[in-house]
Amino acid sequence: MSNLCSRIVSKPPKRLTEGRDSMSVAQTNTWMNAENINNGGGLSLSPPHTISQRETGTQVSQCYSGPPSPCGSTTSTPSPTVSPAPPPGTATLDPNWQATKPTVRERNAAMFNNQLMADITFIVGGPGHTQVIPAHKYVLATGSSVFYAMFYGGLAECKQEIEVPDVEPSAFLTLLKYLYCDEIQLEADTVLSTLYVAKKYIVPHLARACVNYLETSLTAKNACLLLSQSRLFEEPELMQRCWEVIDAQAEMALTSEGFVDIDVSTLESVLARETLNCKEINLFEAALAWAHAECIRREIDITPANKRAMLGSAIYLIRFPTMTLEEFANSAAQLGILTPQETIDIFLHFTASSKPLLSYPIKARAGLKAQICHRFQSCAYRSNQWRYRGRCDSIQFCVDKRIFVVGFGLYGSSNGAADYNVKIELKRLGRVLAENNTKFFSDGSSNTFHVYFENPIQIEPECFYTASAILDGSELSYFGQEGLSEVYMGTVTFQFHCSSESTNGTGVQGGQIPELIYYGPTVNTTIANTNTNED
């Protein structure tokens, strides 16, 4: 029995309140013996989310209280009315209740959280927040090897009550609901604690459902927090998805509320990341915010010296020499985080021909390389096309993997050099996700000219988005022809459809918006980042 161990989290987590993105974080870990499952601290989380689907015969429902998923249906449907669950044990009040349950599943489900024939009781939750939950050893043992060892193994104990202080009662009930009923009911505020209890009792299908839920909930606002949890729970696929979001939307991820609650190991991995798509000054400010929060957690004075002490060796992962001279002089040089000698040496690095040896990396981060999806096989111009006059060029697209759109490639003047004003827009289900009013100069060639949004926009797989552009400039321009309805980009496949919002003639076969510029998975970067971040 002593060899049945699972890695768990023992430090009470922090709370985030961002609708369905609310997640909790636990920062340290310990080892738990499966025979003594009542050791350790608790996971407490917090707001909800209901998709109902069948997964290999198991009902998976996710209770919604936040905004709809970005991959929701194109038609708006009212939220379903969820009837409150009957009190525990009411399903068996009828002396002949068995006759009303025609299937094994229904009869088994009637025993869920039911004192009838229960032969074990769990006292679940931390002090002051416990809940007594009855259960049946046979049902638990057939669904979990840990429960089997606990009740029927060679070192099985004969306790009638088992204390489980490190698990949230709601998460434990979710586990039992799955074991008794083949149903998985996940909520945003308890999904992490449910993943924890699924890992603890080695119930892999429930754990996989939790990870899938977290992947669909992944945004820049919770990516760092989920990265921290995925490292602790040893979920490499979720970790990779988190990195994809953090790399592409680094500035948003670093300024998210949850960033300051990550553990120091995750902080170091973020600061060491080569492919972060942000300025170094943003990383420095994020590290300072984390150090400020760590001082509060440890109840020590918030001083520059203490902030540096909290950062420890992580500060040497910040690439101060890659900031601009103005950024360094107006920020890092004046905050007292660096020693006077370090400050002088970095200034000399900026200005002197003979540069001192520094303790900080001097090479700028590589960042992400933008990829371009070109949807036309050729372009042309004619004496009476392509005209604008304030009309909109639009195209619908979807992808099979998550990407981050950063801008569009547009055709320019076919009648000599010209300046263009352009409004670009990206929509999903009629809702504007991003827009930007910008300019570009066309040199009169048939080349495409790139225009960008202020921040990358996350694009979910298998969902349709509308890319639009309204140009104001030279009346005649090049236009694309021989359009492709599907473009394979190595790791991502794009599909294009005509948009009802296009009032200037752009469609799948021809027109404007020849290119989508995006960050997305590539074979090389996926392998490289997997190798460098499994620490």
Side-chain angles (χ1 to χ4, degrees), residues 5-16 18 20-32 34 37 40-51 53 55 58-64 124-126 140 143-147 164-179 182-219 222-243 245 258 261-263 266:
C5 297
S6 57
R7 197 173 186 179
I8 66 155
V9 179
S10 62
K11 184 176 177 180
K14 301 295 177 182
R15 289 181 179 268
L16 279 182
E18 293 179 2
R20 69 167 292 196
D21 295 332
S22 300
M23 300 292 173
S24 70
V25 59
Q27 308 227 3
T28 61
N29 55 19
T30 185
W31 287 92
M32 162 132 331
I37 287 179
L43 282 176
S44 87
L45 306 173
S46 28
H49 181 88
T50 291
I51 307 172
Q53 67 183 46
E55 200 173 0
T58 300
Q59 181 175 334
V60 181
S61 63
Q62 299 171 302
C63 302
Y64 283 88
V124 185
L140 272 56
S144 161
S145 59
V146 175
F147 283 130
V164 191
D166 59 308
V167 172
E168 288 289 302
S170 58
F172 196 81
L173 286 171
T174 300
L175 171 69
L176 296 192
K177 185 82 169 178
Y178 169 65
L179 296 179
D182 271 352
E183 295 179 14
I184 300 176
Q185 188 172 27
L186 300 176
E187 299 181 359
D189 55 335
T190 57
V191 63
L192 282 174
S193 55
T194 302
L195 176 59
Y196 167 70
V197 74
K199 289 278 190 176
K200 174 173 180 171
Y201 292 106
I202 313 180
V203 184
H205 184 75
L206 178 58
R208 185 67 251 169
C210 292
V211 171
N212 290 341
Y213 178 94
L214 291 171
E215 288 182 357
T216 62
S217 306
L218 185 59
T219 68
N222 62 21
C224 291
L225 197 54
L226 290 183
L227 175 66
S228 179
Q229 292 291 337
S230 64
R231 288 161 60 88
L232 292 174
F233 289 130
E234 298 178 346
E235 287 290 342
E237 290 185 16
L238 179 58
M239 193 187 309
Q240 178 59 30
R241 298 294 178 270
C242 291
W243 279 126
V245 174
D261 291 323
I262 63 178
D263 60 278
T266 302

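- With contacts defined as side-chain heavy-atom distances shorter than 4.5 Å, the pair Phe233/Leu226 does not qualify.
- With hydrogens and angles ignored, the 3.5 Å screen pairs a side-chain donor or acceptor of Ser144 with a backbone N or O of Phe147.
- Aromatic ring pairs are classed by plane angle as parallel below 30°, tilted from 30° to 60° and perpendicular above 60°; the pair Phe172 and Tyr201 is perpendicular.
- Asn222 places no side-chain N or O within donor-acceptor distance of the main-chain N or O of Gly258, the cut-off being under 3.5 Å.
- To the nearest 0.5 Å, atom CG of residue Asp166 and atom OG of residue Ser193 are 11.0 Å apart.
- Atom CG of Leu238 is separated from atom CZ of Arg208 by 8.0 Å, given to the nearest 0.5 angstrom.
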* To do: Go through the steps to decide whether Glu235 and Lys199 satisfy the test salt bridge (charged side-chain N to carboxylate O under 4.0 Å, His left out), and finish with yes or no.
  => CA-CA 11 Å; Glu235 287 290 342; Lys199 289 278 190 176; 2.7 Å; yes

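- A pairwise comparison of heavy atoms in Leu218 and Cys242 identifies CD2-N, 3.7 Å as the closest pair.
- Using a 4.5 Å cut-off on side-chain heavy atoms (C-beta onward), Glu168 and Tyr196 make no contact.
- Taking all atoms of both residues into account, the shortest heavy-atom contact from Val197 to Ala171 is CG1-O, 3.7 Å.
- Using a 4.5 Å heavy-atom threshold, the side chains of Leu214 and Leu195 count as touching.
- Across all non-hydrogen atoms, the minimal contact from Val167 to Lys200 is CG2-NZ, 4.1 Å.
- Atom-to-atom distance recorded for Ser230:OG and Leu227:CG is 4.5 Å, nearest 0.5 angstrom.
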* Would you please test Gln185 and Tyr178 for side chain to side chain contact (heavy atoms under 4.5 Å, CB included) and show each step? => CA-CA 8 Å; Gln185 188 172 27; Tyr178 169 65; over 6 Å; no

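- With values rounded to the nearest 0.5 angstrom, Leu179 atom CG is found 5.5 Å from Leu140 atom CG.
- Here the closest heavy-atom approach between residue Cys224 and residue Thr266 is recorded as O-CG2, 4.4 Å.
- Closest approach of Ala209 and Leu186 over heavy atoms only: O-CD1, 3.6 Å.
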* Just do the salt bridge (charged side-chain N to carboxylate O under 4.0 Å, His left out) check on Asp182 and Lys177 with the steps written out, would you? => CA-CA 7 Å; Asp182 271 352; Lys177 185 82 169 178; over 6 Å; no

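- Looking only at distances, a side-chain donor or acceptor of Tyr213 sits under 3.5 Å from a matching main-chain atom of Ala188.
- Side-chain contact check for Val203 versus Val146: every heavy-atom pair is 4.5 Å or farther apart.
- Side-chain contact between Met239 and Gln229 is absent, with no heavy-atom pair separated by less than 4.5 Å.
- Heavy atoms only, all atoms of each residue included: Ala198 and Ala207 are closest at CB-N, 3.7 Å.
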* To do: Please lay out, stage by stage, how Val211 and Glu237 fare under the test side chain to side chain contact (heavy atoms under 4.5 Å, CB included).
  => CA-CA 9 Å; Val211 171; Glu237 290 185 16; 5.6 Å; no

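- By the 4.5 Å heavy-atom criterion applied to side chains, Leu206 and Ile184 are counted as neighbours.
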